[in-house]
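Here is the structure we will look at, set down as structure tokens.
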There are 2 protein chains.
Amino acid sequence: MDAAEAGVARLRVLGERVTPARRAVLRVLAETADHLCVEDVLARADLIVPGLHRTTVYRAVETLGELGLVTHVHPAHGPVVYHLAAGLTGETHLHVRCRRCGAIQDVPADLLDEVADRLARTTGFQLQPDHAALTGVCRTCGDRPNAGTGAAIRPA
Amino acid sequence: MDAAEAGVARLRVLGERVTPARRAVLRVLAETADHLCVEDVLARADLIVPGLHRTTVYRAVETLGELGLVTHVHPAHGPVVYHLAAGLTGETHLHVRCRRCGAIQDVPADLLDEVADRLARTTGFQLQPDHAALTGVCRTCGDRPNAGTGAAIRPA
DNA sequence: ATGAGTGCAAAGTGTTTGCAACTAT
DNA sequence: ATAGTTGCAAACACTTTGCACTCAT
């Protein structure tokens, strides 16, 4: 059983409705390791469920999110991106986003563990390290210092 | 000489124009320790320069940003927020944002130093830790677990 | 005087909402 | 049968852009 099927099964267990739209969103997210924004999900899911509406995708990812099947990340710029939750993929990671090229990269899940500890002890703030991307400049863009001319996706 | 004046002086040195709008934006940012969004800056700057236009504030913070006088932070939700750059205030910090109440809190500038080091060594990614807020739940909101009912500014 | 800055209107993203029609249970 | 989902249109929040006018230099 692949991750999409597992998601559908989970919907059933939870007594939630299994609709073509939700199936399609799960399948799309299961078929890629990338982080997709609603627009991306729509483009791919529309191939499975032609005529699928953008609003429906927004609502599907929201519901699936509340049910713990899908996770979203806020990059510093541009639309929120989604992927399957760790419960379905068995994999966790954090995110960094390049200010120059806009690419989102996965980084080890434990990267901020110490920081989270320190924050909790000193300020009582409970860090959720995977919810927002860290930002900076990726190796590729950093290697050509005079970059930013033309190739950028969503510069910041 | 306060920070706003210092900013104006810096504009002169750089051969940039000193306009009422830019002056007002600098003054507003100098007069608070908070992080203000364009709307906030406009509301306060409009008291100094009545009729000031929202677009002008957007352009002022952009220019002042490019000149290194103003810094901006991307919270996970809502509008970008601005404050005077470290060069003018002599103070640096990072930001964390509460998912429940939306409040932005300052945290020590060196919080992510080790993480930045590790990232640079392992992936070549150059972290800019102050550019995006970390997210989680603040002490106040964490202390009342059944929160989220009514008081939230911009929940996430 | 001249070029940078401003105001305004308009458009551009990304996202949410209200409501009638539909469908999974 | 009926409550939850969907499609659509419209609104929303935030930001950018084009253009004519003004003002700091």
Side-chain angles (χ1 to χ4, degrees), chain A residues 8-26 35-43 45-46 48-67 69-70 72-82 97 102 133 152-156, chain B residues 8-26 35-43 45-46 48-67 69-70 72-82 102 152-156:
Chain A
V8 170
R10 188 88 191 104
L11 280 179
R12 297 226 135 92
V13 169
L14 293 169
E16 294 289 328
R17 296 200 176 177
V18 178
T19 65
R22 290 175 178 180
R23 267 183 194 290
V25 168
L26 285 171
H35 301 79
L36 305 183
C37 66
V38 163
E39 205 59 34
D40 296 336
V41 173
L42 175 61
D46 184 68
I48 306 173
V49 182
L52 180 62
H53 202 275
R54 180 177 284 97
T55 303
T56 303
V57 175
Y58 274 105
R59 291 196 269 227
V61 292
E62 188 194 10
T63 308
L64 295 173
E66 287 163 0
L67 299 174
L69 303 179
V70 164
H72 67 268
V73 183
H74 297 268
H77 270 261
V80 171
V81 294
Y82 300 85
R97 179 181 179 278
I153 299 178
R154 286 192 256 260
Chain B
V8 170
R10 189 89 192 102
L11 280 179
R12 297 225 136 92
V13 168
L14 294 169
E16 293 288 329
R17 299 202 172 173
V18 178
T19 64
R22 290 175 180 180
R23 266 184 193 290
V25 168
L26 285 172
H35 300 78
L36 306 183
C37 66
V38 163
E39 205 60 32
D40 296 335
V41 173
L42 176 62
D46 184 68
I48 307 174
V49 183
L52 180 63
H53 203 276
R54 180 176 285 96
T55 303
T56 302
V57 175
Y58 273 105
R59 291 196 269 226
V61 291
E62 189 195 9
T63 307
L64 295 172
E66 285 165 1
L67 299 173
L69 303 179
V70 164
H72 67 268
V73 183
H74 298 269
H77 268 262
V80 170
V81 295
Y82 299 86
I153 299 179
R154 286 191 257 258

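When reading the values below, keep in mind they use all heavy atoms of this one structure, side chains included, and skip hydrogens, waters and symmetry mates. Computed from a predicted model, the values in this text were never measured in an experiment. Chain letters run A, B, ... following the sequence lines, proteins first, then strands; residues in each count from 1.
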Any base atoms under 4.0 Å from A:Glu16, or only sugar-phosphate, or nothing? Heavy atoms, all strands. sugar-phosphate
Provide, to the nearest angstrom, the distance between the CZ atom belonging to B:Arg59 and the P atom belonging to D:dC19. 13 Å
I want to check one thing: is the phosphate of C:dC8, taken as OP1 and OP2, less than 4.0 Å away from some side-chain N or O of B:Thr55? no
May I ask you to evaluate whether B:Tyr58 reaches the phosphate of D:dT16, defined as a side-chain N or O under 4.0 Å from OP1 or OP2? no
B:Ile48 side, atom CD1; B:Leu26 side, atom CG - distance, nearest 0.5 Å: 10.0 Å
Does a side-chain N or O of B:Thr56 approach OP1 or OP2 of C:dG7 to a distance below 4.0 Å, or not? yes
Assign B:Val38 to base, sugar-phosphate, or nothing according to its heavy-atom contacts below 4.0 angstrom with the strands shown. nothing
So, is B:Arg22 close to the C:dG5 phosphate, meaning a side-chain N or O under 4.0 Å from OP1 or OP2? yes
In this structure, how many angstroms lie between the P atom of C:dC19 and the NE2 atom of A:His53, rounded? 17 Å
5' precedence on DNA chain D between B:Glu39 and A:Val49 (nearest-nucleotide basis): A:Val49
Rounded off to whole Å, could you give me the CZ-to-P distance for the A:Arg23 and D:dT6 pair? 13 Å
When rounded to whole Å, the CG to P distance for the pair B:Asp40 and D:dA13 reads 15 Å
Checking all strands, does B:Ala60 fall into the base, sugar-phosphate, or nothing category for heavy-atom contacts under 4.0 angstrom? nothing
side-chain N/O B:Thr19 vs C:dA4 OP1/OP2, d < 4.0 Å: no
Sidechain N-carboxylate O distance under 4.0 Å for A:Arg54, A:Glu39: yes
